[in-house]
Amino acid sequence: MKKEINNCGLACPQPVLNTKKALDEIESGIVVSIVDNEAAKENVTRFAQNAGHDVSFEENDGKYIITIIKGEGGQEEVAVPVKEVEQTAASTIYLITTDSIGQGAPELGYTLMKSFFISIKAVEPIPKALILMNAGVKLACTGSKAVEDLQELEKKGTEIIACGTCLDYYKQKDKLEVGKVSNMFEIISKMGTGKVITIA
Amino acid sequence: MLRHLPKINDPNLLVGPETSDDAAVYRVSDDTAVIQTLDFFPPMVDDPYIFGQIAAANALSDVYAMGGRPLLALNIVCFPNCLDVKVLKEILRGGADKVNEAGAVIAGGHSVEDNEPKYGLAVCGIVQPDKMLSNSGAVPGDMLVLTKPLGTGIINTAIKGDIASEETAALAVKYMSMLNNKAAEAMLKVGVNACTDITGFGFLGHAAEMARASNVTLEIWSKECPVIPGVKDLAMMGMIPAGAYNNRYHLGDNVVFDLSVPREIQDVLFDPQTSGGLLISVSKNKAHHLMEILKQEQVPAALVGCVTSKNNTLISVR
């Protein structure tokens, strides 16, 4: 189930209302909302996020293509079923959602994270990908002690993926030192291609 | 935009375009200065009588923000010939009633034909030159008072989308059509250092102009800023006018937010206001007295921050 709505040329709040209507009409699935100005992009994104949906966007030729996934249906459509993937160490993907491992003293958490990166470089074969989300994106940004470790892993062939929404939120987009910026769509697709271990 | 006009050298022009203030002030004698201001805009509500009141309250507000008293107003009207002239009558009646409430008189006006209706007033007021207020008098140590709750731009956007509740819409109308006269009287009684009114550039935009003109930094306490009930939910639903994003963009690094200030509160602080309240900078030892009088007069005011010596930003929000 995928619906596309073109909101180009429409002023706020019309793009939000059109997107809301399209989402209300489906139980689950994907709504792609196309807008042509920053305010509409922000408003549609905000609306969909607060309604509990997964949102990602791409900019293309002055237009913003906002992809909204509602319910389970949307995710099934993009994710490759895990059982088809060969479960080897080489297909291990780490989803890192924090810059400090575990609950407790933050200082200890940072030390553990540092130690995690030193150790993971030594593990054979190296992980297929590291996905950095939420505060995890800070690991790949200027000032982080993990930047060098991540650069080393990237050189060896590990894909480093940083969540764009998270970089925006923490205002770190121009401080990313390693890896590529990605959206929820790609991240979900990537997670479907290997065994995912979450570091939280 | 006004920066491109030639600079004026007239010692009697007490407030000109340089400080992005609310109105022009011209001294006609040692104890009297004339305040001149003009404001008009297209309707943001369907009811023409209410629109007239809001437009008039908005135009009169600039006189109050300078510490003055409005005397005389002239109507400015744009009106399409395809629309029933009864609508125009209602707009003008709304404006006249509001001007009357302010104790001033409407002495005529001018109209032109246009595709979309627009209405407002040119208002003339007076002030004693030594009692005149501008946005440039805030000093470190002052407290900041805001006299109306925020969120009318967001509510107007939601009204357009037919998504605002009746109660929320009614509150927006109540605050937009409320005169700033009681707040102005209170600050004249107490004696304050600076004032501006909150309109299209949003709370933070006008606060930044005050900070720039006064060469200080304003510290804003976001949790204390009054917000019309229902506005935060509408902001989270994406009912934010494009003007709020423009205001955020134009202020750029001049506003620094603590990480704890939620996104929807930031949006409310950038939200362009229609006929908003006054932002008053008052010395700390008078702030309590000012708040007491405002409370007695049922002005919905709140203490929203303080003034510090200038650091590397105009506004710091926490």
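Each chain gets a letter, A, B and so on, in the order its sequence line appears, and its residues count up from 1.
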Which atoms form the tightest heavy-atom contact between [X] and [Y], and what is the distance?
{"X": "A/Pro13", "Y": "B/Thr157", "value": "CG-O, 3.2 Å"}
{"X": "B/Met237", "Y": "A/Phe47", "value": "O-CB, 3.2 Å"}
{"X": "A/Leu17", "Y": "B/Met239", "value": "CD2-CE, 4.2 Å"}
{"X": "A/Arg46", "Y": "B/Ile240", "value": "NH1-CD1, 3.5 Å"}
{"X": "A/Val16", "Y": "B/Gly238", "value": "CG2-O, 3.5 Å"}

Just checking [X]: does its [atom1] atom have more than 12 heavy atoms from other residues, nucleotides or ligands closer to it than 6.0 angstrom?
{"X": "A/Glu25", "atom1": "CD", "answer": "yes"}
{"X": "B/Phe201", "atom1": "CZ", "answer": "no"}
{"X": "A/Asp174", "atom1": "CG", "answer": "yes"}
{"X": "B/Asp84", "atom1": "CG", "answer": "yes"}
{"X": "B/Phe40", "atom1": "CZ", "answer": "no"}
{"X": "A/Lys156", "atom1": "NZ", "answer": "yes"}
{"X": "B/Glu116", "atom1": "CD", "answer": "yes"}

Check your understanding: Relative to chain B, which segment of A/Lys171 carries a heavy atom at a distance below 4.5 Å: side chain, backbone, both, or neither?
Key -> neither
Practice item. Identify which part of B/Ala244 has an atom lying under 4.5 Å from any heavy atom of chain A, answering side chain, backbone, both or neither. Key: neither
**Study point:** Part of B/Asp267 within contact of chain A (heavy atom distance under 4.5 Å)
**Key:** side chain
Practice item. Evaluate the salt bridge (charged side-chain N to carboxylate O under 4.0 Å, His left out) criterion for residues B/Arg248 and A/Glu42: first the C-alpha distance (whole Å), next the side-chain angles of each, then the deciding distance (0.1 Å), finally the verdict. Key: CA-CA 12 Å; B/Arg248 182 189 281 270; A/Glu42 288 288 331; over 6 Å; no
